[in-house]
Amino acid sequence: VRGAREDGGLVERAPRLTFVPGHGDVVQALELGVPTMQPGEISFFLAACAYAYGRPGREPDVPPEAPLLFEVTLLEVRDGPDPQPLPPAARLRLGSQRRERGNFHFARGDFAAALRSYRLALHALDGPATAPPGPEEEEELQEQRVKCLNNCAAAELKLGRAEEALAACEAALRISPDNGRALLRRGQLLAEQGRDAEAALVLRRALELDPASKVIHAELSRLAKRQSPPSST
């Protein structure tokens with residue numbers, strides 16, 4: 001695969017790129033175009049910015065709203081891979097790559113694609129292993145899981161799915177009960193559901209962990225005002 005700007009500047013060069021369509025690991029032009037090809041075929045895809053790197057572009061080599069021209073040679077097509085046992089380090093690397101891809105989609109406002117990448121990252125982190133992780137690897141796997149679950153919650157909220165966001169927060173807290181980000185978001189979601197007593201408990205715990213947080217103070221103040229009876233005049 002080679003990708004170039006309108007001025008001819010090369011921005012992509014991957015002699016043997018491998019990807020699974022639908023996993024969100026490549027730009028939309030390749031996701032949509034490559035499955036139409038036959039092995040041995042050479043194709044050119046002129047991609048509008050929405051099918052490349054979107055309105056923001058990609059620093060430093062893809063300007064905002066830039067169309068790109070891709071040259072693709074399809075070398076082979078394989079059956080969908082079954083999950084293969086991986087060493088812990090490979091699971092961590094794959095999970096991190098997919099989470100970063102999710103962040104790429106999130107920053108560009110494609111929250112459904114971001115959520116898909118975060119779920120794939122979790123799948124990689126939880127996949128079969130060739131050997132048990134050591135203590136440090138297990139700690140890093142847990143940290144990566146919590147990051148992915150928090151990111152899932154953020155994407156679910158952007159998609160208007162509060163219940164799913166709350167479930168993702170609770171899954172993160174089962175792994176890391178004192179994760180401040182998950183506590184704050186869970187408290188906010190509980191408050192939105194009118195579960196004020198539960199929300200207050202969660203937010204107070206979050207405040208214990210981060211006493212200087214203006215956001216948590218504001219959330220607790222909002223709850224207190226809502227629970228106080230109106231003063232008589």
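Only a predicted model underlies this, so the values are computations on that prediction, with no experimental measurement involved.
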**Asked** Is the Tyr51-Phe45 ring centre distance short of 6.0 angstrom?
**Response**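 No, too far apart.
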**Prompt:** How about Phe106 and Phe111: are their ring centres within less than 6.0 Å of each other?
**Reply:**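 When the ring centroids of Phe106 and Phe111 are compared, they turn out to be within the sub-6.0 Å range.
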Counting only N and O atoms by type, is there a donor-acceptor contact under 3.5 Å from the side chain of [X] to the main-chain atoms of [Y]?
X	Y	result
Glu100	Gln97	no
His123	Tyr118	no
Ser176	Leu173	no
Arg91	Leu125	yes

**Request:** Kindly indicate, with the supporting measurements, whether the criterion side chain to side chain donor-acceptor pair (under 3.5 Å) is fulfilled by Arg185 and Gln188.
**Result:** CA-CA 5 Å; Arg185 186 173 283 125; Gln188 291 170 324; 5.4 Å; no
**Asked** Got more than 12 heavy atoms from elsewhere within 6.0 Å of CD, Glu59?
**Response**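 At most 12 heavy atoms, drawn from other residues, nucleotides or ligands, come within 6.0 Å of this atom.
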Atom pair [atom1] ([X]) and [atom2] ([Y]), whose distance is rounded to the nearest 0.5 Å:
X	Y	atom1	atom2	value
Leu149	Cys169	CG	SG	9.0 Å
Thr73	Leu17	OG1	CG	12.0 Å
Leu184	Ser213	CG	OG	6.5 Å

**Request:** State whether Glu164 and Lys158 are salt-bridged, where the test is any N-O pair (Lys NZ or Arg NE/NH1/NH2 against Asp/Glu carboxylate O) under 4.0 Å.
**Result:**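 Lys158 and Glu164: not salt-bridged.
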**Message:** Taking Asp178 first and then Arg205, would you say they form a salt bridge - that is, a charged N and a carboxylate O separated by under 4.0 Å?
**Reply:**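 Counted as a salt bridge, because a side-chain N and a carboxylate O are separated by less than 4.0 Å.
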Restricting to non-hydrogen atoms, name the atom on [X] and the atom on [Y] that form the minimum distance, rounded to 0.1 Å.
X	Y	value
Ala162	Leu157	CA-CD2, 4.4 Å
Arg5	Asp61	NH1-O, 2.8 Å
Ile175	Arg145	CD1-CB, 3.9 Å
Gly187	Val202	N-CG1, 3.8 Å

**Asked** Honestly curious: do Tyr53 and Val72 fall in one hydrophobic cluster under the side-chain, below-4.5 Å linking rule?
**Response**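 Yes, same cluster.
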**Asked** Should Val11 and Leu30 be counted in the same cluster of Ile, Leu, Val, Met, Phe, Trp and Tyr side chains packed under 4.5 Å apart?
**Response**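 The answer is yes; both residues are in one hydrophobic cluster.
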**Message:** Hydrogens and angles aside, do Glu198 and Gln193 bring a side-chain donor and acceptor to less than 3.5 Å of each other?
**Reply:**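 The criterion, which ignores hydrogens and geometry beyond distance, is not satisfied for Gln193 and Glu198.
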